[in-house]
Q: 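Here it is, the structure, as structure tokens.
We count residues from 1, following the sequence as given.
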Amino acid sequence: MDLRFTPEERAFREEVRSFFKENLPDEIRQKLVDGRHPSKDDIVTWQKILNRQGWAVPNWPVEWGGTGWDPVRQYIFLDELQSFPAPSPLQFGVYMVGPVIAQFGNEAQKAHYLPRIANLDDWWCQGFSEPGAGSDLASLKTRAVRDGDHYVVNGQKTWTTLGQYADWIFCLVRTDTTVKKQEGISFLLIDMTTPGITVRPIQTIDGGREVNEVFFDDVRVPVENLVGQENRGWDYAKFLLGNERTNIARVGVSKQRIRRLKELAALERVGDTPILEDPRFREKLAALEIELKALEMTQLRVVAAERKREKGKPDPASSILKIKGSEIQQATTELLLEVVGPYVLPFAPEEDEAEHPSNEPPIGPDWAAPAAPTYFNWRKISIYGGSNEIQKNIIAKAILGL
């Protein structure tokens with residue numbers, strides 16, 4: 001298999017790179033270089049720029065704003081986006097609910113929701129996980145009971161990322177309790193301003209407030225907000241999660257983090273010697289780069305096989321990308337702690353500056369402040385999108401036939 005890019009694909013990479021350099025505001029890019037989170041306004045601003053270029057939803061059908069790029073060009077675009085670095089379009093809209101609506105929604109749903117998702121006129125969040133139904137998602141208990149032209153929803157979702165900003169939430173709900181658990185689930189689109197919805201923030205170990213609990217108390221949802229067929233939501237969720245696990249490898253993110261590690265390790269010293277020249281550190285860094293290159297080659301093989309795969313059917317190899325991608329991302333945060341050294345001791349949690357302004361001066365270099373929060377926060381990467389233990393079971397069954 002030839003994994004080299006063609007001259008046309010290399011020219012496309014340069015086109016994408018040039019567009020990012022000319023159009024991404026410097027202050028947004030610098031936040032990502034420093035390991036800080038872009039704000040809601042940053043993400044909205046950048047996605048609208050991408051949408052004007054026609055690049056906000058490259059993975060969608062052309063008739064709904066997609067680019068028509070083949071899988072290789074989609075890969076190149078995502079790789080450049082992450083390694084530049086630039087903010088990703090809102091994951092919950094562009095890579096999750098958008099493709100589900102485009103694939104399984106009716107024409108009215110497509111016409112209403114998809115243009116607004118592409119331009120980030122509506123901020124979406126994901127209502128899947130529940131207390132006691134995370135990795136075993138099919139055990140969810142949130143109920144939706146049909147009452148005329150509405151479903152009445154009662155239950156609780158948790159770990160709802162960025163739910164505090166959301167205009168809409170896409171939810172898996174139980175609509176039939178008489179069949180086996182995977183067969184009684186439906187996929188609903190719910191307006192977050194509907195009476196009966198309560199959002200309660202969860203403060204994470206890094207001091208952030210990115211995840212939430214969402215409670216539904218007699219929430220009335222129009223039947224027209226059902227995607228596809230009632231009790232077929234499990235199939236739509238598997239389609240969605242297949243997309244999520246492919247993108248979650250985040251090879252470009254790890255490339256950029258390793259580049260940044262080298263820059264910082266060349267600046268910081270142990271005695272008179274830059275950390276980058278320490279043999280033990282260089283050995284760790286080289287091993288990590290080798291693993292990342294192997295992951296990149298594996299992802300390219302998955303991309304190359306995309307043309308032959310049945311449309312809408314997730315590739316079980318995406319579980320490999322998810323496992324190794326999350327492990328490499330976590331390893332970059334561990335090396336950053338070594339570079340930061342004693343500056344990591346005064347823990348400085350990162351917060352949304354617009355909501356929680358701080359008058360405290362930074363301790364040590366500006367780039368050192370996010371190191372500990374990032375390390376703690378990124379422990380979650382091996383859990384979300386389906387825990388790595390679950391992904392290993394998928395590989396054993398679907399690939400190894402065990």
Side-chain angles (χ1 to χ4, degrees), residues 4-95 98 114-124 162 165 246-247 249-264 266-267 292 296 299-300 303 329 332 352-354 366-367 370 374:
R4 292 173 296 184
F5 294 112
T6 67
E8 293 78 14
E9 289 163 349
R10 290 195 293 271
F12 173 73
R13 185 185 288 276
E14 288 303 318
E15 178 189 356
V16 171
R17 193 172 292 171
S18 296
F19 177 82
F20 291 166
K21 288 179 181 177
E22 294 168 7
N23 291 276
L24 177 64
D26 290 339
E27 63 272 16
I28 297 179
R29 179 177 185 271
Q30 194 58 47
K31 281 186 181 180
L32 273 69
V33 169
D34 291 340
R36 301 180 184 276
H37 296 297
S39 68
K40 177 184 178 181
D41 287 344
D42 293 337
I43 295 171
V44 172
T45 295
W46 176 235
Q47 186 162 329
K48 289 183 182 295
I49 291 171
L50 286 176
N51 198 42
R52 287 195 294 270
Q53 178 70 6
W55 290 358
V57 288
N59 55 317
W60 287 14
V62 172
E63 60 266 34
W64 297 111
T67 57
W69 294 336
D70 62 16
V72 174
R73 279 174 170 75
Q74 289 190 39
Y75 168 81
I76 290 171
F77 174 78
L78 186 62
D79 187 56
E80 286 299 318
L81 184 84
Q82 294 175 348
S83 61
F84 185 66
S88 293
L90 185 66
Q91 183 87 1
F92 310 107
V94 172
Y95 293 103
L114 294 182
R116 297 183 62 81
I117 292 172
N119 201 48
L120 201 40
D121 296 326
D122 296 324
W123 189 287
W124 286 80
L162 303 181
Y165 300 139
T246 300
N247 296 327
R250 301 177 80 198
V251 170
V253 171
S254 294
K255 286 181 182 177
Q256 189 275 329
R257 298 292 287 183
I258 288 175
R259 244 187 1 253
R260 183 64 170 162
L261 271 170
K262 290 179 178 179
E263 292 172 1
L264 299 176
L267 294 174
L292 181 58
E296 185 176 20
Q299 184 159 27
L300 285 170
V303 169
Q329 290 171 69
T332 64
D352 187 323
E353 295 178 2
D366 288 346
W367 55 261
T374 300

Q: Looking at Leu114, is its backbone amide N or carbonyl O close enough to the side chain of Trp60 to form a donor-acceptor pair, meaning the two atoms are under 3.5 Å apart?
A: no
Q: Please give me the minimum heavy-atom distance between Tyr95 and Pro58, naming the atom from each residue.
A: OH-CG, 4.4 Å
Q: Rounded to the nearest 0.5 Å, what's the gap from CG on Asp42 to CD on Gln47? Could you check?
A: 13.0 Å
Q: Determine whether Glu296 and Leu292 make a side-chain contact, defined as any pair of heavy atoms from C-beta on separated by less than 4.5 Å.
A: no
Q: Using every non-hydrogen atom in the two residues, find where Ala86 and Phe84 come nearest and quote the distance to one decimal.
A: N-CB, 4.0 Å
Q: How far apart are the C-alpha atoms of Lys48 and Asp121, what are their side-chain angles, what is the distance that settles it, and do they pass the side chain to side chain contact (heavy atoms under 4.5 Å, CB included) test?
A: CA-CA 9 Å; Lys48 289 183 182 295; Asp121 296 326; 3.0 Å; yes
Q: For a quick test of reading the model, state the closest non-hydrogen atom pair linking Phe12 to Ile76 and the distance between them.
A: CD2-CG2, 3.9 Å
Q: Distance-only, no hydrogens or angles: does the Thr332 side chain make a donor-acceptor pair with backbone N or O of Gln329 under 3.5 Å?
A: yes
Q: Measure the spacing between CG of Leu264 and CG of Asp34 and express it to the nearest 0.5 Å.
A: 9.0 Å
Q: First locate atom CG of Leu90, then atom CG of Leu162, and finally report the distance between them rounded to the nearest 0.5 Å.
A: 7.5 Å
Q: Looking at residues at least two apart in the chain, or sitting in another chain, which of them share a side-chain contact (heavy atoms from CB on, under 4.5 Å) with Gln74?
A: Asn59, Trp69
Q: Between Tyr75 and Asp70, does the side chain to side chain contact (heavy atoms under 4.5 Å, CB included) criterion hold? Intermediate values first, please.
A: CA-CA 9 Å; Tyr75 168 81; Asp70 62 16; over 6 Å; no
Q: Measure the spacing between CG of Leu300 and CZ of Arg4 and express it to the nearest 0.5 Å.
A: 13.0 Å
Q: OG1 of Thr67 to CZ of Arg73: how many Å apart, nearest 0.5 Å?
A: 10.0 Å
Q: Kindly give the heavy-atom pair with the smallest separation between Tyr165 and Lys40, and that separation in Å.
A: O-NZ, 3.6 Å
Q: Apply side chain to side chain contact (heavy atoms under 4.5 Å, CB included) to the pair Phe92 and Ile117, showing each step before the final yes or no.
A: CA-CA 9 Å; Phe92 310 107; Ile117 292 172; over 6 Å; no
Q: Who are the side-chain contact (heavy atoms from CB on, under 4.5 Å) partners of Ile49, not counting sequence neighbours?
A: Phe19, Asn23, Pro25, Thr45, Trp46, Arg52
Q: For Asn51, check side-chain contact (heavy atoms from CB on, under 4.5 Å) against everything at least two apart and list the hits.
A: Ala56, Ala118, Asn119
Q: Could you work out, with side-chain hydrogen bond (donor to acceptor under 3.5 Å, both in side chains) as the rule, every residue matching Gln53, not counting sequence neighbours?
A: none
Q: Shortest non-hydrogen contact from Leu81 to Pro89?
A: CD2-CD, 3.8 Å
Q: Can you tell me how far apart CG (Leu32) and CD (Gln82) are? Round to the nearest 0.5 Å.
A: 10.5 Å
Q: Please, which pairs that meet salt bridge (Lys or Arg N to Asp or Glu O under 4.0 Å) have at least one residue in residues 79-94, sequence neighbours excluded?
A: Arg13-Asp79, Arg13-Glu80, Arg17-Glu80, Asp79-Lys255
Q: Which residues satisfy the side-chain contact (heavy atoms from CB on, under 4.5 Å) test with Thr6, sequence neighbours excluded?
A: Glu8, Glu9
Q: Is Arg29 reaching over with its side chain to a backbone N or O of Lys21, donor-acceptor style, under 3.5 angstrom?
A: no
Q: Check whether NZ of the Lys or CZ of the Arg Arg10 lies under 6.0 Å from the centre of the six-membered ring of Phe5 and within 45 degrees of that ring's axis.
A: no
Q: Can you tell if the side chain of Glu263 reaches within under 4.5 Å of the side chain of Arg260, non-hydrogen atoms only?
A: yes
Q: What pair of heavy atoms forms the shortest contact from Pro85 to Leu24, and how long is it?
A: O-CD2, 3.6 Å
Q: Could you walk me through whether Lys31 and Ser39 satisfy the side chain to side chain contact (heavy atoms under 4.5 Å, CB included) test, starting with their C-alpha distance in whole Å, then the side-chain angles of each, then the deciding distance to 0.1 Å, before giving a yes or no?
A: CA-CA 9 Å; Lys31 281 186 181 180; Ser39 68; 4.2 Å; yes
